[in-house]
Protein chains: 2
Amino acid sequence: MPSIDEVAARAGVSTATVSRALRGRSGVSPHTRDRVLAIADAMGYVASSSAAGLATGRNMAIGVLVPVVHRWFFASAIEGVDRQLRSRGYDLDLYSLGGAGTNRDRVFHRSMLRKRIDALVVLCMALTDEELAALHALEQPVIVVGGPVDGCRHVSIDDRAAVRDATEHLIGLGHQRIVHLAGGGSFGIDFSVPRLRAAGFRDAMGAAGLPVGAASTVFGDYAADRSKDAVARVLAADPRQRPTGIVASSDEMAFGALLAAAEAGLRVPEDLSVIGVDDHEFAEVFGLTTIRQDPIAAGERAATLLLAALEGDEGDLTAQPAPEPHELVIRRSTGPAPLLAAAGRGSRSGRASAGRVGATGAGAHAAPSGSRSLGAGTARPRVQPA
Amino acid sequence: MPSIDEVAARAGVSTATVSRALRGRSGVSPHTRDRVLAIADAMGYVASSSAAGLATGRNMAIGVLVPVVHRWFFASAIEGVDRQLRSRGYDLDLYSLGGAGTNRDRVFHRSMLRKRIDALVVLCMALTDEELAALHALEQPVIVVGGPVDGCRHVSIDDRAAVRDATEHLIGLGHQRIVHLAGGGSFGIDFSVPRLRAAGFRDAMGAAGLPVGAASTVFGDYAADRSKDAVARVLAADPRQRPTGIVASSDEMAFGALLAAAEAGLRVPEDLSVIGVDDHEFAEVFGLTTIRQDPIAAGERAATLLLAALEGDEGDLTAQPAPEPHELVIRRSTGPAPLLAAAGRGSRSGRASAGRVGATGAGAHAAPSGSRSLGAGTARPRVQPA
DNA sequence: TTGTACGCGTTATCAG
DNA sequence: CTGATAACGCGTACAA
């Protein structure tokens with residue numbers, strides 16, 4: 001771990017020259033520059049970030065604040081942020097709230113104030129007013145990945161439109177009794193994303209003239225197990241009352257719905273269609289129709305915007321960026337609505353766009369041996385940009 | 001963002017006294033200490049980590065090096081490390097290799113040398129000799145979470161024993177044709193964990209006098225989709241040849257196996273038993289029998305050991321810590337082996353410990369309507385410590 | 001083009 | 001118990 005002085009000594013120049021050469025500043029002859037670079041490299045010299053940070057006021061690091069890390073969306077977004085950062089020479093400091101606990105306070109009032117970071121990415125979470133104030137007090141660029149947060153720019157899909165599209169997909173297949181499997185509220189305070197998505201559901205239902213009552217929504221809390229239970233209760237109803245379609249606010253909840261359907265002995269999509277939001281890594285293998293979003297890309301985009309703000313390549317630093325794209329990915333969990341009136345199960349004149357590619361993918365390992373109803377293992381999903 | 005001078009001025013003392021008071025050093029009268037603390041707090045003063053780091057040589061931050069973040073094991077371990085760190089006042093710098101790419105080089109030869117961290121946690125990954133050398137050159141405490149790595153301490157379960165236990169569970173249920181669904185090799189170089197787990201499989205098979213041939217192992221690459229395809233091929237074989245049990249090296253691979261079974265029209269566990277390793281968050285909802293490990297706890301433990309080494313509370317800094325515990329969690333994906341000789345499907349005199357709690361959980365939404373073969377939705381899993 | 005010298009914000013040493 | 005003051009390692013006006 002040589003210091004800049006040692007490099008300077010070995011190169012026979014001053015520390016100022018070494019610094020200039022290493023940072024690519026002008027005012028160094030090509031010759032000395034190359035020489036210094038070579039020597040520094042040979043010595044394995046890397047400037048201490050503490051010293052450099054003290055001198056310049058820039059830490060070349062940005063913070064990422066997350067509610068928890070081990071969930072698909074957050075982990076993916078972190079990955080995206082990291083990729084962009086790393087390629088630009090920035091480090092990433094992770095601040096996880098770990099679900100709950102008192103470290104929440106510590107994070108906001110200690111860790112983040114230590115001047116280790118130049119900017120902050122906040123991953124989709126609810127913040128108290130007090131916390132929001134703490135963020136602004138940092139006087140650092142902040143950007144949110146996920147739903148809208150008061151005074152902050154955010155990069156995210158149009159959540160309302162996404163769920164509207166999902167719902168319309170089912171409506172287009174002839175479904176009329178559709179239930180929204182909603183999430184939200186997990187990490188403390190109420191947050192806008194679940195509300196937006198629920199609104200999207202109501203938008204589509206309303207536009208189609210379909211009724212939306214209290215029974216039209218069940219709570220899955222963004223978790224597969226809770227969703228499975230919730231959907232199981234719904235499916236236990238009279239077949240003529242029970243929904244033929246479920247719009248889950250996330251893929252993980254949709255998985256729970258699929259498993260509940262399986263345990264209830266219902267076929268997907270013949271008896272029940274399920275659509276999610278995310279395109280989770282397991283969606284493909286489950287054959288789940290979903291609205292795809294790309295949290296890695298979102299993370300990258302957020303990092304890019306933040307770095308732009310940081311490096312003064314400012315376009316408009318306060319302009320809200322356009323929503324990230326989302327797209328309908330049709331797999332095997334959605335199909336034409338079963339006939340409503342008759343108890344029987346004839347084929348219905350579903351819209352042409354129904355696109356039942358195969359039977360289902362969520363598994364049927366309790367199906368009677370030999371009932372190989374799951375043919376199209378490798379069917380390509382059909383994608384339809386938003 | 002006041003500086004220490006401003007606090008000192010306001011308190012009417014020197015910066016030295018402020019520093020002492022804030023860091024809890026002796027040599028400050030209780031009175032002034034309280035006074036300084038109150039003022040600093042009121043002013044929202046937090047020492048700059050750059051300056052403090054420069055002065056002390058300690059950064060109060062540790063690095064976490066991961067192959068990728070958006071996988072269950074890694075994300076969970078990161079969460080664990082973060083929890084422990086945060087509670088001790090340390091920050092966490094994340095270095096993700098992002099799968100591959102040239103930033104791998106940058107991470108090892110730039111980022112990690114910037115003196116931002118005091119120690120390093122390496123999450124289960126293969127390292128080249130050159131990279132290993134780079135780590136040692138850091139002259140900082142290093143600990144690995146996951147499989148064994150040359151000169152480093154590591155915290156992990158006994159992978160070999162874990163898969164041995166898994167295999168023995170199936171053998172105990174009367175299975176004889178068992179296939180190992182292996183992982184490994186994903187992130188560059190060969191790594192010890194997949195090898196250890198494969199060895200555990202052979203251990204158990206050998207001890208039971210069961211044959212292990214080339215066909216006894218298929219490659220799932222730690223991924224659900226690849227595993228699904230691989231298992232699908234295996235299950236396509238003659239029913240009298242095909243395996244009755246699958247030991248997957250991870251739960252994600254086991255999920256793939258379950259889905260393959262479903263698509264092949266096989267019942268689980270009547271026709272095929274599947275066991276995994278991990279106790280992934282979806283294992284419960286899938287009803288997957290598995291060998292549980294707790295990566296969050298592993299991360300916490302690694303962080304604890306590292307901090308101990310850092311703070312000189314050294315027990316034995318080189319001693320390899322005891323393996324993390326693992327335990328068999330019996331759910332609904334494993335049951336007595338089907339009769340081998342007869343084509344029929346009678347009940348077999350499986351061991352009493354078989355514990356088929358319910359039918360299966362991996363879903364059967366292609367099952368004929370009404371065939372509600374999935375009763376015990378809320379059955380508690382049986383846990384059996386290793 | 002290059003070198004000198006000061007400042008960045010804290011901590012630690014050494015007098016008082 | 002407290003206060004000056006010298007590091008800590010680097011970046012950068014300013015001078016040469």
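Naming convention: chains lettered A, B, ... in sequence-line order (proteins, then strands); numbering from 1 in each chain.
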ask   = Which is it for B:Leu135 and B:Leu120 under the side-chain contact (heavy atoms from CB on, under 4.5 Å) test, yes or no, and what are the steps along the way?
value = CA-CA 9 Å; B:Leu135 290 193; B:Leu120 184 70; 3.5 Å; yes
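- Contacts between residues 31-40 of chain A and DNA chain D, defined by a heavy-atom separation below 4.0 Å, involve no residue at all.
- More than 12 heavy atoms of other residues, nucleotides or ligands lie within 6.0 Å of CZ in A:Arg33, so this atom counts as buried by the packing criterion.
- Atom C1' of nucleotide D:dT5 and atom CG of B:Asp5 are separated by 13 Å, given to the nearest angstrom.
- A:Ser19 comes within 4.0 angstrom of a nucleotide base, judged by non-hydrogen atoms across all strands.
- One can find a donor-acceptor pair under 3.5 Å joining the base of D:dG3 and the side-chain atoms of B:Arg20.
- Closest heavy-atom contact between A:Thr56 and A:Arg23: CG2-NH2, 4.2 Å.
- Nucleotides of DNA chain C with any atom under 4.0 Å from a heavy atom of chain A span, from 5' to 3', C:dT1 to C:dG9.
- When the nearest nucleotides of DNA chain D are assigned to B:Thr15 and B:Lys115 by heavy-atom distance, the more 5′-ward of the two goes with B:Thr15.
- Counting non-hydrogen atoms under 4.0 angstrom, A:Ala16 reaches a base of the nucleic acid.
- In terms of heavy atoms, B:Glu79 sits closest to A:Ser96 at OE2-OG, 3.2 Å.
- Among pairs with a residue in residues 23-73 of chain B, those fulfilling ring-ring contact (aromatic ring centres under 6.0 Å, His included) read B:Trp72-B:His280, at least two apart in sequence or across chains.
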